[in-house]
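As structure tokens, the structure follows; a few thoughts come after it.
Sequence lines set the chain letters: A, B, ... in the order given, protein chains first and strands last, and positions in each chain run from 1.
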2 protein chains.
Amino acid sequence: MARKTGSHSDITGPRVREAALRLFAEHGFAAVSMRQIAKEVGVQAGALYLYTPDKQTLLFDLLADHMRAVLAGLAEVDMSGGPVAQLEAFSRFHIRFHLARPDAVFISYMELRNLSEENFAKLGEMRREYEDALEGILVAGQHSGEFDVDDTKLTTLALISMLNGVLTWYKPDGRLTLERVEAIYSDMVGKAVRLTPV
Amino acid sequence: MARKTGSHSDITGPRVREAALRLFAEHGFAAVSMRQIAKEVGVQAGALYLYTPDKQTLLFDLLADHMRAVLAGLAEVDMSGGPVAQLEAFSRFHIRFHLARPDAVFISYMELRNLSEENFAKLGEMRREYEDALEGILVAGQHSGEFDVDDTKLTTLALISMLNGVLTWYKPDGRLTLERVEAIYSDMVGKAVRLTPV
DNA sequence: GTCTATAAACCGATAGAC
DNA sequence: GTCTATCGGTTTATAGAC
């Protein structure tokens, strides 16, 4: 099990990704240099190219990993109830999951334009899979007569925008607990699609 | 009224700002060079410094002008009705105004971190003034018993996030007219804060 | 696996000619 | 008002020593 001095492939790789994620979120992809990332990790710039073929692929891998985690997390959410319960479960999951990974969410919405057309398309597919899950709930609720949604696709995007907005202000040590934020947002989401009382 | 050849201060200035706005929105502030902006305008890089002391001030001026325009536009909206009518007027104004200036809105939310602390604070004040206008409507509706809002500050931010979301997908030649988008969004906003039927 | 050194290009901003 | 030229510094990525 002896290991050569200076050989840290198994730990340097993750550390490169963590540093890149943090720095990209803080300063933006274009504003962060490979030298800054290397300095954060504690290696020289040249060593980074052992873990990524280039800077843009490093970004793409971070975004793709995040989307995979989002979809995997959603798959574990209990969706056994009806549309109303499902919509609340989705809203609460979205808030909770995204607040736990603010950096990844931030760059997922900010740095898409720094991807190649091909990589952009790949991420678009994954994002659409997530949106389709929400739209499916809205459609089900519409058919069951529990929801009044004018345009399910548009409403899906509007609700996700609203839920994402939590990232722009939430601070873990703020005046509101995570549970309360989840409750308020899922309540607003529920109301926004509910049948109007006549 | 004769003008010296090569003297175009009155038209080059606006052209610099237009080019910068477009390029910042497309590629991001950090990714755009002064040389790119100059090329777009049709002058040499050095000439840009006749119109801005530096790159960051150019960004700030674009953002500040935009926020001034937003506040001026809001001031002209008819707010003579009650809270319900005011909320619809605000929502429709927001959608309409922002969809007409997608580039300015985009960089207003993306490039704040590239401002100095001082310039960031100035913009924050203006943005807060806009948010306060919406929160005032929510508070009024809460007092009149027409709205059921859990936390007016949080709800304000959530509604603005939802309204801003329209920018991520709206295309002027898409399947929905501007009027219809306005109607759908203002309807969702209205429902999200409305009293829950018992 | 990491280092140093380097290539080739680009950056923001300024000085001075016209 | 705009140009050319330039300063001093940065960038991504690679080559080769260890």
At what distance, to the nearest 0.5 angstrom, does CG of B/N119 lie from CG of B/L59?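 If we round to the nearest 0.5 Å, B/N119:CG and B/L59:CG are 8.5 Å apart.
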Angle between terminal axes - the helix from C/dG1-D/dC18 to C/dC18-D/dG1, 5 pairs each end, rounded to 10°: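 Overall, the helix from C/dG1-D/dC18 to C/dC18-D/dG1 bends by 0° from one end axis to the other.
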Checking A/F97 now: which residues fulfil ring pair (Phe, Tyr, Trp, His ring centres under 6.0 Å) with it, not counting sequence neighbours?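 Listed in chain order: A/F93.
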For B/Y185, enumerate each residue passing the ring pair (Phe, Tyr, Trp, His ring centres under 6.0 Å) test, keeping only those at least two apart in sequence or located in another chain.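 Checked B/Y185 against ring pair (Phe, Tyr, Trp, His ring centres under 6.0 Å); zero matches.
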Identified ring-ring contact (aromatic ring centres under 6.0 Å, His included) counterpart of B/F24 within the set B/F60, B/F29, B/F106: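 So, applying the ring-ring contact (aromatic ring centres under 6.0 Å, His included) to B/F24 and each of B/F60, B/F29, B/F106, only B/F29 qualifies.
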Check side chain to side chain donor-acceptor pair (under 3.5 Å) between B/S144 and all other residues, then give those that pass, not counting sequence neighbours.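 Counting only residues at least two positions away or on another chain, B/S144 forms a side chain to side chain donor-acceptor pair (under 3.5 Å) with B/E146.
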Test side chain to side chain donor-acceptor pair (under 3.5 Å) applied to B/N164 - qualifying residues, sequence neighbours left out: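 B/N164 satisfies side chain to side chain donor-acceptor pair (under 3.5 Å) with B/H94, B/Y109 once adjacent residues are dropped.
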Whether A/T12 contacts C/dT2 is assessed here as follows: a side-chain N or O lying under 4.0 Å from the phosphate OP1 or OP2. Is that the case?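 It does, given that an N or O in the side chain of A/T12 lies less than 4.0 Å from OP1 or OP2 of C/dT2.
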Is the shortest side-chain N/O distance from A/Q44 to OP1 or OP2 of C/dT2 below 4.0 Å?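 For C/dT2, OP1/OP2 do not have a side-chain N/O of A/Q44 under 4.0 Å.
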Look at A/R22 together with A/E18 and state whether they make a salt bridge at an N to O cut-off of under 4.0 Å.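 Salt bridge: no.
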For the residue pair A/E135 / A/T152, report whether a side-chain donor-acceptor contact shorter than 3.5 Å exists.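 Yes - a donor-acceptor pair under 3.5 Å links their side chains.
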Which letter, B, S or -, goes with each nucleotide of nucleotides 11-18 of chain C from 5' to 3', with contact meaning a protein heavy atom under 4.0 Å? BBBB----
